[in-house]
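Below is one structure, written out as structure tokens; comments come after it.
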Amino acid sequence: MSLLVVGSVAFDAVETPFGKCEKMLGGSASHFSISASFFTDVSIVGVVGGDFTEEDQQVFIRHGIGTRDLERIDDGKTFRWRGRYDYDLNVAHTLETQLNVFANFKPKLSEESKAARLVFLGNIQPDLQREVREQIPNAELVALDTMNLWIETTRDSLLRTIKVVDLVIINDAEARQLTGIPNLIKAARAILSWGPKALIVKRGEYGAALFTPENYFAIPAYPLESVFDPTGAGDTFAGGLMGYLSSQEKLDEDAMRRAMIFGSVMASFNVEEFGTERVRRLTHEEINNRFHAFKRMTNFEEIPFQRVGQAVR
Ligand code: AMP
């Protein structure tokens with residue numbers, strides 16, 4: 001089995017300046033796995049309640065996503081998140097979080113899941129992330145995402161989890177909040193000093209940057225004229241990134257750079273419609289076309305230059 005994600009499977013209620021949706025499939029594991037399924041075999045570790053319908057489950061089945069470790073608690077309710085975005089779509093305002101079945105969740109991994117080569121610890125309580133990490137000591141690459149809620153309420157536990165992962169994927173505000181350092185480059189160096197080999201900082205409409213102890217690599221976001229709903233963009237980015245890495249034999253920096261482009265490509269589709277709607281309908285041709293557009297957008301030649309002309313004195 002190639003890629004495993006632990007995270008929330010949720011019903012989201014979202015309001016943006018452009019529209020409103022009362023109930024849609026969301027959650028970090030949902031956005032991540034649907035995105036990753038275009039590149040590799042991916043399975044979810046998570047929990048849903050009795051209100052999670054056959055139709056909801058079919059979304060995963062149709063994308064070939066493994067649900068063996070997606071537990072169902074018939075007399076419980078699925079995790080719910082309600083959020084609002086104002087015109088600055090980079091900032092999500094949480095209006096309500098109902099942990100529901102996540103409140104007592106104990107992740108139990110099947111033998112198949114324990115053999116995963118790559119693992120994504122999606123945005124959930126950091127103790128749960130660590131419990132999963134400890135059950136897969138031999139994974140080749142373990143990545144983690146988090147959010148302001150856990151930085152504020154469970155910071156110590158989060159720091160312990162960060163120490164035992166290879167890659168941290170967070171947004172710029174979270175990097176600043178986590179370290180208390182306003183300069184992003186210094187904040188990134190501080191996070192790397194805690195143990196991870198690499199850090200990716202997501203910067204919403206401004207793109208994303210990769211930090212390793214030796215190198216720095218940054219890409220813009222795909223220029224979109226209409227962004228409809230940014231919910232799940234971060235998880236969709238991580239899904240494309242980890243999904244692509246999972247399809248590669250060598251997980252070196254070149255692969256990581258291409259993976260960042262695939263992550264951005266997937267995220268750019270995600271924000272075009274509510275929830276997971278746009279990504280669900282994607283084709284490989286659309287993904288490849290946008291990958292090429294990204295290359296044209298960022299490619300330039302290095303030509304030695306000489307100063308020409310004479311200054312007028
Ligand atoms: P993002 O990719 O950062 O936009 O993540 C959005 C997703 O995170 C939504 O679909 C929510 O269901 C989920 N989410 C929001 N708050 C939490 C939380 N406290 N724990 C787990 N998942 C959450």
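Indexing begins at 1, ligand by ligand and atom by atom, following the structure's order. Quick caveat: nothing in here was measured; it's all calculated off a predicted structure.
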- Message: Below 3.5 Å, N or O to N or O, backbone or side chain included: is there any such pair between G27 and ligand 1?
- Response: yes
- Message: Would you compute the distance between atom CG of D166 and atom CG of L251 and round it to the nearest 0.5 angstrom?
- Response: 9.5 Å
- Task: Give the atoms of ligand 1, by number and element, whose distance to some non-hydrogen atom of L149 is under 4.0 Å.
- Result: 19 (N)
- Item | W81: which of T94, T231, D12 passes side chain to side chain donor-acceptor pair (under 3.5 Å) | T94
- Which of the atoms of ligand 1 are close to H31, meaning less than 4.0 Å from one of its heavy atoms? 10 (O)
- Run the numbers for me: atoms of ligand 1, each under 4.0 Å from some heavy atom of A10, listed by number. 12 (O)
- Message: Is it the case that the ring center of F228 lies less than 6.0 angstrom away from the ring center of F274?
- Response: yes
- Among A238, G239, G232, which residue places a heavy atom closest to atom 4 (O) of ligand 1? G232
- Query: Going by distance only, is there an N or O of G234 that falls short of 3.5 Å from an N or O of ligand 1?
  - Reply: yes
- Note on the structure: Checking heavy atoms under 4.0 Å, the part of F102 that sits near ligand 1 is neither
- Item | Protein heavy atom at shortest distance from atom 2 (O) of ligand 1 | D235 OD2, 2.7 Å
- Item | Nearest-neighbour protein heavy atom for atom 22 (N) of ligand 1, which is reported as residue plus atom name and distance | S8 OG, 2.8 Å
- Query: Among all protein non-hydrogen atoms, which one is nearest to atom 21 (C) of ligand 1, and what is the separation to 0.1 Å?
  - Reply: N123 O, 2.8 Å
- Task: Determine whether the side chain, the backbone, both or neither of A233 has a heavy atom under 4.0 Å from any heavy atom of ligand 1.
- Result: backbone
- Message: Could you check whether R68 pairs with E111 (Lys NZ or Arg NE/NH1/NH2 to Asp/Glu carboxylate O, under 4.0 Å)?
- Response: no
- Query: For ligand 1, is there an atom lying under 4.0 Å from some heavy atom of F237?
  - Reply: no
- Heavy atoms of other groups near E285 CD, more than 12 under 6.0 Å: no
- Query: So which protein heavy atom does atom 9 (C) of ligand 1 come closest to, and at what separation?
  - Reply: D12 OD2, 3.2 Å
For residues 290-297, tabulate all N or O donor-acceptor pairs below 3.5 Å that involve a side-chain atom, not counting sequence neighbours.
residue: R290; atom: NH1; partner: S268; partner atom: OG; Å: 2.8
residue: R290; atom: NH1; partner: E272; partner atom: OE2; Å: 3.3
residue: R290; atom: NH2; partner: E272; partner atom: OE2; Å: 2.9

- Message: Using a strict threshold of under 4.0 Å (side-chain N to carboxylate O), is an ion pair present between D229 and K20?
- Response: no
- Item | Ion pair check, R281 and E273, cut-off under 4.0 Å | yes
- Proximal ligand 1 atoms for G26, defined as those under 4.0 Å from one of its heavy atoms: 10 (O)
- Number the atoms of ligand 1 from 1 as they appear, then name those within less than 4.0 Å of a heavy atom of T231, with their elements. 4 (O), 6 (C), 9 (C), 10 (O)
- Structural part of M147 in contact with ligand 1, heavy atom criterion under 4.0 angstrom: side chain
- Message: Please enumerate all residues that pass side chain to side chain contact (heavy atoms under 4.5 Å, CB included) together with E214, with sequence neighbours excluded.
- Response: T212
- Should F217 and V168 be counted in the same cluster of Ile, Leu, Val, Met, Phe, Trp and Tyr side chains packed under 4.5 Å apart? yes
